[in-house]
Every structure is written in structure tokens, then in C-alpha cells.
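This report refers to the structure that appears directly beneath it.
Side chains included, hydrogens not; waters and symmetry mates left out as well; all remaining heavy atoms used. Quick caveat, the model's predicted, so the values are computed rather than measured. Below, chain A is the first sequence line, B the second, and so on; all start at residue 1.
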Protein chains: 2
Amino acid sequence: MDAEKLLKAQQLKVTPQRKAILTVLQNSDAVLSAQDIFAEVIKILPGINFSTVYRNLDVLLAKGILCRITPDSGGVLYELRMKEGHHHHVICKRCGTSMPLEYCPMEDIETKLAERGFTPTEHRFEIYGYCQKCSEGGE
Amino acid sequence: MDAEKLLKAQQLKVTPQRKAILTVLQNSDAVLSAQDIFAEVIKILPGINFSTVYRNLDVLLAKGILCRITPDSGGVLYELRMKEGHHHHVICKRCGTSMPLEYCPMEDIETKLAERGFTPTEHRFEIYGYCQKCSEGGE
DNA sequence: AATGCAAATGCAAATCTTTTGCAAATGGAG
DNA sequence: CTCCATTTGCAAAAGATTTGCATTTGCATT
């Protein structure tokens, strides 16, 4: 995946900072916090600022280049969007690896909500646990 | 619902601070942030401290007296647990009212996860939108 | 290749939320 | 009533994220 193409496709300027952020996310199959990302990006681009990372995460998220995940344990995690369109995630609590999920529970429940007069606009479905690799090694 | 009974049932000491926190949550059918709760509790119990509220929210959560909800918009919200056992939530983005949901998507997906070797330990399913009352008044 | 400007960045400070250490206070079992 | 583990208040620290502003930079257009 080409960082420049990704950015241009969204009418975003191609800056070294953005390329570094995308590189970090590409090289990780785990979901990362803003701080994690900053810690990695600064290795590539010493001198980059926190605020630049935060601002760009917001921009990339708004443009749909990233997904945001918010575990129960708190915090906000990001990952490169690997799948087009709406989807949910399965996340390993040990290694942080995230997999897209080809299933959305909303279909099953839409009529039930309609009966209650509730109009859904967003929803979230996230599954945490241990991936195959991390299960094998014991808990 | 009796705050004292709730606390005693969980081997927690009955303190004015805890009773005040529970009272606030009982009188609200919306989900509240720690700050919201503090702002209300201090009206009942002037002099109560932030840290007391935070600590007690953690305790009450651990004991299963509260539910924690983390909207995409960020932040952490709490509500009195209205339903025994595992369940999910439907939350109105305007008035914050929360309703328990008698449906869990995990059943539908467990085998699919097993095929991938993933062992789920926790999951979250939250639906945001507008409740009947708030839909009527227009967006 | 040079120009112009909106967009992006760095920096520093501010804000907001949550946590922690510790001494004093207190609930409740015996 | 006494005692002790639990809980609280306080103050400070820690952590995460945001903001204002001057400067720089990408890039579309000369």
C-alpha cells in the first residue's frame, strides 16, 4: 500500500509527517495508541511533534484511512483501515493484532429497535480475546 | 432500589459518599461521566473529593453495581446496572438515556471465531442513536 | 523554475481527566 | 466501646489531548 496514493486519494497534502505515521501503522499489525504511534514516528522523523501526530490521526480518521478502537480497558487505539466500508474488529489482548470481522449484528436487531422507536445512527461491536498464536503459548 | 442494600450485598462499607454517588445515578436515566457524577454529588455532599468519586466508581464497577460505556466520541460513561448479568446497551445521543438490550451477537459468531482459532474473552456491543422521544423533536 | 497561498507544522502553554501517596477519619465487627 | 481495615480528603503528579500562533511547506498555477 502506498502512503502517497492513500493521501492524495483523500485530497490530503503529502507530508513527511503523514508518510511516517502511515509507515508506522503499515508496519504494525497491532492496534496502536496515539502515544505508541508517536513513539515510533519519532524514530523515523526526529523532531516531529505530539500535536502533529494527534492532528493527523484525527484527519486520517475523518478521511476513513484509519479505524479507531476503544477497548474497555480505556484509551483509544488506531489501525490502518484494512477493509473498505463498515466493519467490526476482533482484537488480541496480548499482541494487539486486529482482524476485521465480516459480520455485523445490526441487521439482526434493526427491527427490534424500530419497535422501540429507537433510530440507530452508529454502533460498535468489538471482540477481545486471544488470537491463535497467543492462545497456544498459554494465557 | 436501596443504596445501602446494594453496598452491603457487595461487602462494601456504607458511606455517605457512596450513597450520594448511587443516589445521583439512580436519579438519572442518562449515562454520566465521572465529572458529571462529581458535579451532581457535590451538591448533595459538598466537600466530597474528586478522587473519592473516581475510586468509588472503580469499586462499584468492579462489584458489578455499575456499567461502563465508552462512546466513539470519547470519554467514559457510567450508569447503574439495571439488568442482571451480561448485556449490551442502546444509548440516545441526545438525552443520554440508556436502555439494556436483550440480544447478544456473540452467539451468532462464536463458531466463526473458533474457526480462526480466536478465543474471545470480552466483547462490546453498543448502539447509539436517538430514542423515540428525541427523534420526534427532530434531529 | 518561480510565485502565492491555503494547509500543515512546531512549539509552548493550557486544559481536562484520572491517579497516587499519605495522614486523618470512620464504618462496623466483635 | 474498642480496634482495625477500609475509606476519605487533600495536594500534587501524571497522562492524554487540545489550542493559539508564528513559521514553514506542499503543490497548483503561472
Side-chain angles (χ1 to χ4, degrees), chain A residues 2-24 31-63 65-66 68-78, chain B residues 2-24 31-63 65-66 68-79 96:
Chain A
D2 182 0
E4 292 204 17
K5 276 186 194 161
L6 260 181
L7 292 169
K8 284 185 177 164
Q10 300 298 328
Q11 298 88 237
L12 292 173
K13 290 192 177 176
V14 178
T15 67
Q17 292 83 351
R18 285 176 180 166
K19 287 203 285 188
I21 291 170
L22 290 175
T23 299
V24 165
V31 287
L32 301 174
S33 70
Q35 304 281 339
D36 292 338
I37 294 169
F38 176 74
E40 287 303 313
V41 165
I42 204 168
K43 292 179 191 168
I44 303 177
L45 216 66
I48 191 175
N49 195 270
F50 261 127
S51 54
T52 301
V53 173
Y54 276 106
R55 277 189 287 230
N56 278 316
L57 290 176
D58 282 348
V59 169
L60 296 173
L61 189 70
K63 290 292 189 176
I65 296 176
L66 305 185
R68 168 194 263 170
I69 290 161
T70 59
D72 246 342
S73 51
V76 181
L77 306 175
Y78 299 87
Chain B
D2 182 2
E4 294 204 16
K5 276 186 196 163
L6 261 181
L7 293 169
K8 284 185 178 166
Q10 301 298 328
Q11 297 89 238
L12 292 173
K13 288 193 177 177
V14 178
T15 68
Q17 292 84 350
R18 286 175 178 165
K19 287 202 286 187
I21 291 169
L22 290 174
T23 299
V24 165
V31 287
L32 301 173
S33 70
Q35 303 283 338
D36 292 338
I37 293 168
F38 175 75
E40 287 302 313
V41 165
I42 205 169
K43 292 179 190 168
I44 302 176
L45 216 65
I48 191 176
N49 194 271
F50 263 128
S51 55
T52 303
V53 173
Y54 277 104
R55 277 188 286 231
N56 279 315
L57 290 176
D58 282 349
V59 169
L60 296 173
L61 189 70
K63 290 292 189 177
I65 296 176
L66 304 186
R68 167 195 263 170
I69 291 161
T70 59
D72 247 341
S73 50
V76 182
L77 305 176
Y78 299 88
E79 69 170 351

Inset, instruction - Measure the spacing between NZ of Lys19(B) and CG of Leu6(B) and express it to the nearest 0.5 Å. - result: 12.5 Å

Inset, instruction - May I ask you to verify whether the side chain of Arg55(B) and the base of dG9(D) hold a donor-acceptor pair under 3.5 Å? - result: yes

Legend entry - Nearest heavy-atom neighbours spanning Phe38(B) and Asn49(B): CE1-C, 3.8 Å

Inset, instruction - Note down the inter-axis angle between the two ends of the helix from dA1(C)-dT30(D) to dG30(C)-dC1(D), five pairs each, to the nearest 10°. - result: 40°

Inset, instruction - Round to a whole Å and report the spacing from CG of Asp58(A) to C1' of dT19(D). - result: 13 Å

Inset, instruction - Rounded off to whole Å, could you give me the CZ-to-P distance for the Phe38(B) and dG9(D) pair? - result: 9 Å

Inset, instruction - Examine distances only and state if a side-chain atom of Arg18(A) and a backbone atom of Lys13(A) form a donor-acceptor pair shorter than 3.5 Å. - result: yes

Legend entry - Atom-pair distance (CD on Gln17(A); P on dA8(C)), nearest Å: 11 Å

Legend entry - Value in whole Å for how far the P atom of dG26(D) lies from CD of Gln10(A): 20 Å

Inset, instruction - For Ser51(B), report the nucleic acid contact type (base, sugar-phosphate, nothing); a contact means any heavy atom under 4.0 Å. - result: base

Inset, instruction - Hey, which sits more toward the 5' end of DNA chain C by its nearest nucleotide, Pro16(B) or Asn49(B)? - result: Asn49(B)

Inset, instruction - Grab the CD-P distance between Gln35(A) and dT18(D) for me, whole Å please. - result: 11 Å

Legend entry - Comparing Phe50(B) and Gln11(A) on DNA chain C - which has the more 5′ nearest nucleotide: Gln11(A)

Legend entry - Touch class at under 4.0 angstrom, heavy-atom based, for Val59(A) against every strand present: nothing

Legend entry - Atom pair distance, as rounded to whole Å: OH in Tyr54(A) and C1' in dT17(C): 13 Å

Inset, instruction - Please report, rounded to the nearest Å, how far the C1' atom of dT18(C) is from the CG atom of Leu57(B). - result: 11 Å

Inset, instruction - To the nearest 0.5 Å, tell me how far Leu7(B) CG sits from Ile65(B) CD1. - result: 5.5 Å

Inset, instruction - Indicate the atoms forming the closest heavy-atom contact of Ala3(A) with Leu22(A), along with that distance. - result: CB-CD1, 3.9 Å

Inset, instruction - Please name the pair of heavy atoms, one in Val53(B) and one in Ile37(B), separated by the smallest distance, quoted to 0.1 Å. - result: CG1-CG2, 4.2 Å

Inset, instruction - Using a 4.0 Å heavy-atom cut-off across all strands, classify Gly47(A) as base, sugar-phosphate, or nothing. - result: sugar-phosphate

Inset, instruction - Would you mind telling me which of dT8(D), dG28(C), dT9(C) lies closest to the side-chain atoms of Lys13(B)? - result: dG28(C)

Inset, instruction - Evaluate the side-chain proximity of Leu12(B) to Asn56(B): yes if any heavy-atom separation is below 4.5 Å, no if none is. - result: no

Inset, instruction - Please state whether the phosphate of dG9(D), meaning OP1 or OP2, lies under 4.0 angstrom from any side-chain nitrogen or oxygen of Thr52(B). - result: yes

Legend entry - Rounded interatomic separation in angstrom, taking CG from Leu12(B) and P from dG27(C): 15 Å

